[in-house]
> 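Quick one: this structure, given as structure tokens, is what I'll be asking you about.
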Amino acid sequence: MPTRNNDVDWNTFQPRAYHAHNYRSVRPDDLQIVRATRDFFATANLPSHPARGLDVGAGANLYPAFAMMPLCEHVDLVEHSPANVRWLRSRQSRWRRFDHGWDEFWQLYAERDRYAAAMRGRRPLAEFRAKATVTQGSIFDLPQQRWDIGTMFFVACSLSADREEFDRAVRCFTRALRPDAPFATAFMTGSDGYDVDGVRFPAVPVDTVIVEQTLQPLATDVKVVPIDSEHPLRPNVGMVLALGHSRGASTKS
Ligand SMILES: C[S@@+](CC[C@H](N)C(=O)[O-])C[C@H]1O[C@@H](n2cnc3c(N)ncnc32)[C@H](O)[C@@H]1O
């Protein structure tokens, strides 16, 4: 039987080690992802009421939330692991000490006019403290059609080894968004699991075709962007970004 989401003790996920390995500086593959997400969101139609964003499975990565904060009145981070929830909240309570670590990512967003206007004079973690709420919860329990814009980076593919749970996670994410809400979602390709500080976590090996086929019934204008990397994060594992607009709630659970 493949390892399922509930089989894992997510409290053993070490956010400091994960952050140090992945987000101490901007990797070339993350640079492509940030730019493509930013350029897509910079032209997105958002509602006339103050927009609310969702980042699910945030882990120890703030750059997906940064993609939405300047465009939103509020951003919800929903994360399953208690250890990651503590880490995210500590960024909010002790932000002055950590602020510069995210500057490189933050500045990339400011390269677009729509972002720049909302970011002038604002610091990344001060904004994170002011606009974001971190909640412990599961992607599988998200309410439907609540958010106006969303991100889900390296989560559906990296929470289980069970393909059915991958499909369900993508469905739960897209249906949590209102109809026509823009989203960006990133996936590891070809991964059958990953280590964080010596602890093994499960993954479902997906590829661009699986990502596209999974999203097509759930979204419109789906664009799947393979991310090139001369130096992949792990051997034989790649990344893909998918952009689109949610169709809203689906009838399947
Ligand atoms: C590979 S990490 C990705 C973290 C981050 N989004 C990033 O871009 O690096 C997978 C994340 O999914 C979270 N996760 C696992 N099961 C989840 C669930 N049922 N609901 C929401 N998040 C979950 C983990 O705690 C972890 O933070």
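This structure is a prediction, so every number in the text was calculated from the model and none was measured. Along the sequence shown, the residues carry numbers beginning at 1. Start at 1 and go down the list; that is how both ligands and their atoms are numbered.
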> Test of understanding: given a 4.0 Å heavy-atom threshold, classify the contact between Tyr23 and ligand 1 as side chain, backbone, both, or neither.
side chain
> If you measure from each non-hydrogen atom of Asn5 to ligand 1, which part falls under 4.0 Å: side chain, backbone, both or neither?
side chain
> Of all the non-hydrogen atoms in the protein, which one sits nearest to atom 11 (C) of ligand 1, and at what distance?
Gly57 O, 3.8 Å
> Need the ligand 1 atom indices (1-based, order shown) with element for anything under 4.0 Å from a heavy-atom of Tyr194.
1 (C), 10 (C)
> Please determine whether any non-hydrogen atom of Asn84 lies less than 4.0 Å from an atom of ligand 1.
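Within the 4.0 Å threshold, so yes.
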> Polar contacts were defined as any N/O atom of the residue lying under 3.5 Å from an N/O atom of the ligand; does this apply to Phe154 and ligand 1?
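There is no such contact.
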> To the nearest 0.1 Å, how far is atom 14 (N) of ligand 1 from its closest protein heavy atom, and which atom is that?
His80 CB, 4.0 Å
> Does Arg27 have any side chain to side chain donor-acceptor pair (under 3.5 Å) partners at least two apart in sequence or in another chain, and if so, which?
Asp29
> Taking all non-hydrogen atoms of both residues into account, name the closest pair between Ala110 and Ala116 and its distance.
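That would be O-CB, 3.4 Å.
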> Output the list of atoms in ligand 1 that are nearer than 4.0 Å to some heavy atom of Ser158, sorted by atom number.
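It comes down to these atoms of ligand 1: 1 (C).
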> Between Arg163 and Asp167, is there a salt bridge with N-O shorter than 4.0 Å?
yes
> What protein heavy atom lies closest to atom 24 (C) of ligand 1? Include the residue and the distance to one decimal.
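The closest heavy atom on the protein side is Glu79 OE2, 3.5 Å.
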> For atom CZ of Arg122, decide whether the heavy atoms of other residues, nucleotides or ligands shown that lie under 6.0 angstrom number more than 12.
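Result for CZ/Arg122: open.
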> Does a sphere of radius 6.0 Å around CG in Asn45 hold more than 12 heavy atoms from other residues, nucleotides or ligands, not counting ones at 6.0 Å or beyond?
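Counting neighbours around CG of Asn45, 12 or fewer heavy atoms of other residues, nucleotides or ligands fall under 6.0 Å, so no.
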> At under 4.0 Å between heavy atoms, is it the side chain or the backbone of Ala58 that contacts ligand 1, or both, or neither?
backbone
